[in-house]
Enquirer: 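Structure incoming, see below.
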Amino acid sequence: GGAAMSLLGMAKRLVCADVRFVIVGGIAARAHGSARITEDLDICYDPDPPNVRRLATVLADWNAYLRGIEPGLPFIMDELTLQTSPIMTLTTDLGAIDVMDRVSGVGDFKKVLARSLSTEFDGVTLRVLDLNALIAAKRATGRPKDKDQLPELEALREMKRLR
């Protein structure tokens with residue numbers, strides 16, 4: 001749908017800005033055939049300082065701000081903010097994005113990258129978490145909305161196995 005397309009558009013802009021990341025969460029699930037609608041782009045990024053700097057620059061350009069915080073509070077999107085907050089849920093001019101340097105149930109960026117696969121979107125190659133890692137991540141969070149999605153993801157995995 002439209003929401004997923006605009007979130008993928010955000011991912012495409014990150015690639016164009018040379019930010020290294022893997023898509024995790026709802027958009028990754030969509031890439032594996034999930035029918036569930038997702039409201040935000042979840043990414044795990046490479047914590048290498050030049051990469052963090054590029055990510056912070058893009059997020060600042062998009063006027064990123066902490067989600068669920070009243071507007072007008074001082075918030076500076078920069079490298080330090082990213083380095084001191086292992087996970088941030090942000091709103092931006094382009095849409096909602098969650099940025100993290102590790103994924104529960106999978107590990108740090110290197111492990112996430114090792115358990116990702118590449119997919120084409122609109123002429124750009126994006127990395128998404130593989131289905132097994134996505135299932136492990138959803139299990140590890142323990143949130144009801146993640147648990148609810150497990151049967152669908154496990155069914156998708158079984159269908160892939162049978163093909």
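Along the sequence shown, residues carry numbers from 1.
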Enquirer: If you compare all heavy atoms of T125 against all heavy atoms of S118, which two are closest, and at what distance to 0.1 Å?
Expert: CG2-CB, 3.6 Å
Enquirer: Distance-only criterion, 3.5 Å: show the donor-acceptor pairs between side-chain atoms of residues 85-93 and protein atoms not counting sequence neighbours.
Expert:
{"unit_1": "S85", "atom_1": "OG", "unit_2": "T81", "atom_2": "O", "d": "3.0"}
{"unit_1": "T91", "atom_1": "OG1", "unit_2": "Y65", "atom_2": "O", "d": "3.4"}
{"unit_1": "T92", "atom_1": "OG1", "unit_2": "L94", "atom_2": "N", "d": "3.0"}
{"unit_1": "T92", "atom_1": "OG1", "unit_2": "G95", "atom_2": "N", "d": "3.0"}
{"unit_1": "T92", "atom_1": "OG1", "unit_2": "G95", "atom_2": "O", "d": "2.6"}
{"unit_1": "D93", "atom_1": "OD2", "unit_2": "N63", "atom_2": "ND2", "d": "2.6"}

Enquirer: Does the side chain of T119 come within less than 4.5 Å of I23's, by heavy atoms?
Expert: no
Enquirer: Does H32 use its side chain to pair, donor to acceptor, with the backbone of R157 at less than 3.5 Å?
Expert: no
Enquirer: Considering non-hydrogen atoms only, spot the tightest contact between F21 and R127 and give its length.
Expert: O-CB, 3.9 Å
Enquirer: For the hydrophobic clusters of this structure (ILVMFWY residues joined by side-chain heavy atoms under 4.5 Å, transitively), does one cluster hold both L129 and L150?
Expert: yes
Enquirer: Are E154 and K138 ion-paired here, with the side-chain N under 4.0 Å from a carboxylate O?
Expert: no
Enquirer: Judged by atom type as modelled, is there a donor-acceptor pair below 3.5 Å linking the side chain of E39 to the main-chain atoms of A96?
Expert: no
Enquirer: As an exercise, state the distance from CG of L126 to CD of E120, rounded to the nearest 0.5 Å.
Expert: 8.0 Å
Enquirer: Applying side chain to side chain contact (heavy atoms under 4.5 Å, CB included) between D42 and each of V103, D98, I27, report the one that passes.
Expert: D98
Enquirer: Do you know which two heavy atoms are closest between P49 and E79, and how far apart they sit?
Expert: O-OE1, 4.3 Å
Enquirer: Please examine the side chains of L8 and D122, heavy atoms only from C-beta on, and report whether any two atoms are closer than 4.5 Å.
Expert: no
Enquirer: Rounded to the nearest 0.5 Å, how far does CZ of F121 lie from CG of L7?
Expert: 9.5 Å
Enquirer: Rounded to the nearest 0.5 Å, what separation is found between the CG atom of D130 and the CD1 atom of I135?
Expert: 9.0 Å
Enquirer: Restricting to non-hydrogen atoms, name the atom on V106 and the atom on A133 that form the minimum distance, rounded to 0.1 Å.
Expert: CG2-O, 3.6 Å
Enquirer: For the residue pair V128 and L117, establish whether any side-chain heavy-atom pair is separated by less than 4.5 Å.
Expert: yes
Enquirer: Measuring only between side-chain heavy atoms, which start at C-beta, is L82 closer than 4.5 Å to Y45?
Expert: yes
Enquirer: Report yes or no: does R30 contribute a side-chain atom to a donor-acceptor pair with the main-chain N or O of R36 at less than 3.5 Å?
Expert: yes
Enquirer: Looking at L73, I'd like to know if its CG atom is crowded, meaning that more than 12 non-hydrogen atoms belonging to other residues, nucleotides or ligands lie closer than 6.0 Å.
Expert: yes
Enquirer: Measure the shortest side-chain to side-chain distance between D146 and R139 over non-hydrogen atoms and say whether it is less than 4.5 angstrom.
Expert: no
Enquirer: What about V52 and M10, same hydrophobic cluster or not, with Ile/Leu/Val/Met/Phe/Trp/Tyr joined at side-chain heavy-atom distances under 4.5 Å?
Expert: yes
Enquirer: Mind checking whether R20 and R54 have side chains closer than 4.5 Å, heavy atoms only?
Expert: yes
Enquirer: Is it possible for you to say whether M100 and V19 belong to one hydrophobic cluster, with membership spreading through side-chain heavy-atom contacts below 4.5 Å?
Expert: no
Enquirer: Without swapping roles, check the side chain of D108 against the backbone of K111 for a donor-acceptor pair under 3.5 Å.
Expert: yes
Enquirer: I'd like to know if D40 and R67 make a salt bridge, using a cut-off of under 4.0 Å between side-chain N and carboxylate O.
Expert: yes
Enquirer: Show the nearest heavy-atom pair for residues G25 and L134, with the distance to one decimal.
Expert: N-CD1, 3.7 Å
Enquirer: Quick check on side chain to side chain contact (heavy atoms under 4.5 Å, CB included): which of D46, D48, D101, N51 does F109 satisfy it with?
Expert: D46
Enquirer: Using every non-hydrogen atom in the two residues, find where G105 and A136 come nearest and quote the distance to one decimal.
Expert: O-CB, 3.8 Å
Enquirer: If you define the side chain from C-beta out and look only at heavy atoms, does anything of R115 sit under 4.5 Å from N132?
Expert: yes
Enquirer: Do the side chains of V24 and L156 join up, straight or via other hydrophobic residues, at under 4.5 Å, putting them in one cluster?
Expert: yes
Enquirer: Is it the case that over 12 heavy atoms from other parts of the model lie below 6.0 angstrom from the NZ atom of K160?
Expert: yes
Enquirer: Hey, does I97 have a side-chain heavy atom less than 4.5 Å from the side chain of L59?
Expert: yes
Enquirer: Side-chain heavy atoms nearer than 4.5 Å, only ILVMFWY residues, links allowed to pass through others: does that put L113 and V15 together?
Expert: no
